[in-house]
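Computed from heavy atoms alone, side chains included, the values below leave out hydrogens, waters and symmetry copies. Predicted model only: the values in this text are computed from it and were never measured. Counting convention: from 1, in listed order, for ligands and their atoms alike. Quick note: residue numbers are just sequence positions, from 1.
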Amino acid sequence: MIHKDPIYITRPLLPNLQNVYKRLDEVWESKWLTNNGPQHNFLESELKQYLQVENLSLFNNGTSALLLGLRALNLTGEVITTPFTFPATVQALDWNNLTPVFCDIDPTTLTLDAAKIEPLITEKTSAILGVHTFGNPCNVEQIQLIANKYKLKVIYDGAHTFGTNYNNKPISEYGDMTMFSFHATKLFNTVEGGALSFNDGSLVERLNLLKNFGIANSEEVVLSGLNAKLNEIQSVIGLEVLKLVDTERQKRHEIKRVYEQNLSDIPGIKVLTRLQGESSSYQYFVIQIDEEKYGKSRDWLYEKLKEYNVFTRKYFYPLCSEFEWYDHLESARKENLPEAQKAVTQVLAMPYYGELQLESVEKICKVIRDCV
Ligand code: T4K
């Protein structure tokens, strides 16, 4: 019953090594390792096609993509966002001297509750930063209506939404800008990496400057930027991993099916499945545990599964609003964020990657079923 090898929440999608060597040969031959090399440019065009986006800019990780994307939009003052996210979302605001205004989440999708956004808008608000949490799209239509009414920018942290469609449209068609993460733990990875897709094509130049120290040419440095470029080795990995993504999605589809089949009738266990009309990102498989109905808490189950060598994750814990540097913010107060407070104690991300054996999924579900 106890798994021989530890089962983690994910394992990276690793490309065929011989194919990687072949591409690396090209890199060695060219002696071009970074700064918009041919592998980077090829990956960019392949990804544009895969994600069906017109404007795409690659970065060395998702966090710097978001950080510089916010900078490119010239935002100021306050940005309305969710407390239930990975620290990167709000830290990208911090590094732009933008103040997060925390808005509670919708209990069904665990994304920004659009109905609670409007009362938080002040004359200092410049944008809404939503997170498509676990690949669940935000209430994009409602958020856009609010943004139009108050002339706010809309940025989505789509770290979990590689290849997600919503209403038969690529997820990146919603909002002004969407960030993708290509971290090793993501469905598509370049070891570390990320991208921005954006509506306004004229931002390309500004983003290119921002990720390359603001260097316009050998004579001019026109703005204060960063070094946030995706290099040739990362791009090689990306090009080879991209070939595997569709098969990985199919495998994850099966795993999801087995989880759903085995968990759906356990009292107090709610599967945060994809919403209707959305084509899932297959990034995470997440359950929500209602202690009253299940009889045991999320933390109890987390520890119990460890005894079976199964390492789930409490994504996202703690809430970002609880970071001590936000203590002074009115919007960070517990009583303003009841749904987020609940989710943070109930959500558990389960092992989810193509190589995971269906038999292991069944065993994990049996532990969840039998231990109460
Ligand atoms: N916004 C959101 C909503 C995000 O979720 C993230 C990142 C970002 C922004 C920022 O994007 P990036 O700047 O990272 O591109 C991981 C990832 O590091 C992070 O990318 C991700 N979200 C977050 C949800 O998960 P940790 O601290 O949980 O990772 P770690 O090292 O504990 O890995 C998790 C498990 O994955 C391990 O237990 C085993 C497995 N693993 C991990 C690595 C790195 C492997 O098998 N091989 C590996 O190489 O943050």
Side-chain angles (χ1 to χ4, degrees), residues 3 5-15 47 57-70 79 81-96 100 105 109-112 129-138 155-162 164 171 175 177-197 211 226-231 234 237-238 241 248 272 281-286 302 305-306 309-320 323 340 343-344 347-356:
H3 288 277
D5 299 314
I7 296 190
Y8 298 110
I9 178 178
T10 194
R11 302 302 354 232
L13 188 51
L14 288 169
L47 285 173
S57 187
L58 306 185
F59 291 82
N60 59 350
N61 59 61
T63 308
S64 52
L66 185 59
L67 195 157
L68 295 176
L70 296 167
V79 174
T81 194
T82 169
F84 189 64
T85 184
F86 194 63
T89 314
V90 292
Q91 289 174 359
L93 294 173
D94 292 346
W95 282 88
N96 278 292
I105 55 172
T109 62
L110 307 187
T111 63
L112 270 184
L129 170 56
V131 179
H132 300 310
T133 317
F134 310 133
N136 279 340
C138 292
I155 303 102
Y156 287 114
D157 176 335
H160 306 169
T161 53
F162 188 84
T164 300
I171 193 75
M177 190 176 261
T178 302
M179 177 274 266
F180 297 100
S181 164
F182 305 156
H183 182 261
T185 55
K186 297 298 188 290
L187 176 74
F188 166 75
N189 84 85
T190 56
V191 183
E192 292 269 4
L196 287 175
S197 74
K211 67 177 159 182
L226 271 185
N227 179 359
K229 292 158 288 165
L230 190 80
N231 69 45
Q234 290 170 301
I237 301 291
V241 171
E248 176 69 10
L272 289 165
S281 70
Y282 296 106
Q283 176 59 59
Y284 291 110
F285 187 88
V286 183
Y302 169 79
L305 286 166
K306 277 194 203 166
N309 227 359
V310 175
F311 298 89
T312 56
R313 292 303 286 260
K314 301 182 205 176
Y315 290 141
F316 299 104
Y317 185 89
L319 289 179
C320 293
F323 298 160
V344 81
V347 169
L348 199 59
M350 307 302 291
Y352 195 45
Y353 50 95
E355 272 183 19
L356 183 62

Check each atom of ligand 1 against the heavy atoms of [X] and keep those under 4.0 Å away; list them by number with element.
X      : result
Tyr284 : 24 (C)
Thr85  : 3 (C)
Tyr315 : 16 (C), 24 (C), 25 (O), 26 (P), 28 (O), 34 (C)
Arg313 : 26 (P), 27 (O), 28 (O), 30 (P), 32 (O), 34 (C), 38 (O)
Gly193 : 15 (O)
Thr10  : 36 (O), 39 (C), 40 (C), 46 (O)
Pro12  : 45 (C), 46 (O), 47 (N)
Arg11  : 45 (C), 46 (O)

What protein heavy atom is closest to [atom], reported as residue, atom name and distance in Å?
atom                    : value
atom 19 (C) of ligand 1 : Lys186 NZ, 3.6 Å
atom 43 (C) of ligand 1 : Thr185 CG2, 4.1 Å
atom 11 (O) of ligand 1 : Ser181 OG, 3.5 Å
atom 44 (C) of ligand 1 : His183 CE1, 3.9 Å

Stepwise side-chain contact (heavy atoms from CB on, under 4.5 Å) test for Leu68 and Leu196: CA-CA 9 Å; Leu68 295 176; Leu196 287 175; 5.6 Å; no
Atom 46 (O) of ligand 1 within contact range, any protein heavy atom under 4.0 Å: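 Under 4.0 Å from atom 46 (O) of ligand 1, at least one protein heavy atom found.
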Non-hydrogen atoms of [X] and [Y] that approach each other most closely:
X      : Y      : answer
Pro137 : Ile171 : CB-CD1, 3.8 Å
Val241 : Leu13  : CG2-O, 3.6 Å
Thr190 : Gly238 : CG2-CA, 3.6 Å
Ala88  : Thr63  : CB-OG1, 3.4 Å

Within-cut-off N or O pair, Met179 and ligand 1, under 3.5 Å: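 There is no such contact.
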Ligand 1 to Tyr8 polar contact by distance, N or O atoms, under 3.5 Å: no
Ring pair (Phe, Tyr, Trp, His ring centres under 6.0 Å) against Phe316, all qualifying residues, sequence neighbours excluded: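 Result, ring pair (Phe, Tyr, Trp, His ring centres under 6.0 Å) vs Phe316: Phe84, Phe134, His160.
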Part of Thr63 with heavy atoms under 4.0 Å of ligand 1, whether side chain, backbone, both or neither: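 Contact part for Thr63 vs ligand 1: both backbone and side chain.
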Leu66 contact mode with ligand 1 (heavy-atom cut-off under 4.0 Å):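 Within the 4.0 Å criterion, Leu66 makes no contact with ligand 1.
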Under 4.0 Å, counting heavy atoms only: does [X] come that close to any atom of ligand 1?
X      : answer
Glu192 : no
Gly194 : no
Ala65  : no

side-chain contact (heavy atoms from CB on, under 4.5 Å) evaluation trace for Ile237 with Asn189: CA-CA 8 Å; Ile237 301 291; Asn189 84 85; 4.1 Å; yes
Minimum non-hydrogen distance to atom 5 (O) of ligand 1, winning option of Lys314, Gln91, His160, His132: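 Looking at heavy atoms only, His160 sits closest to atom 5 (O) of ligand 1.
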Closest candidate by heavy atom, reference atom 50 (O) of ligand 1, pool Tyr353, Phe84, Phe86, Phe134: Phe86
Chi angles and distances behind the side-chain contact (heavy atoms from CB on, under 4.5 Å) call for Phe182, Leu47: CA-CA 11 Å; Phe182 305 156; Leu47 285 173; 3.8 Å; yes
Heavy-atom side-chain contact between Asn231 and Asn60 under 4.5 Å: no
Aromatic Phe162 / basic Lys186 pairing, under 6.0 angstrom, 45° off normal: no
Asp157 and its side chain to side chain contact (heavy atoms under 4.5 Å, CB included) partner, picked from Met179, Met177, His132: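 Of the listed residues Met179, Met177, His132, the side chain to side chain contact (heavy atoms under 4.5 Å, CB included) partner of Asp157 is Met179.
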Thr89 vs Leu129, side-chain contact (heavy atoms from CB on, under 4.5 Å): CA-CA, chis, key distance, verdict: CA-CA 8 Å; Thr89 314; Leu129 170 56; 3.7 Å; yes
Heavy atoms from other residues, nucleotides or ligands near OH of Tyr317 exceed 12 (cutoff 6.0 Å):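 No, because the 6.0 Å sphere around OH of Tyr317 holds 12 heavy atoms or fewer from other groups.
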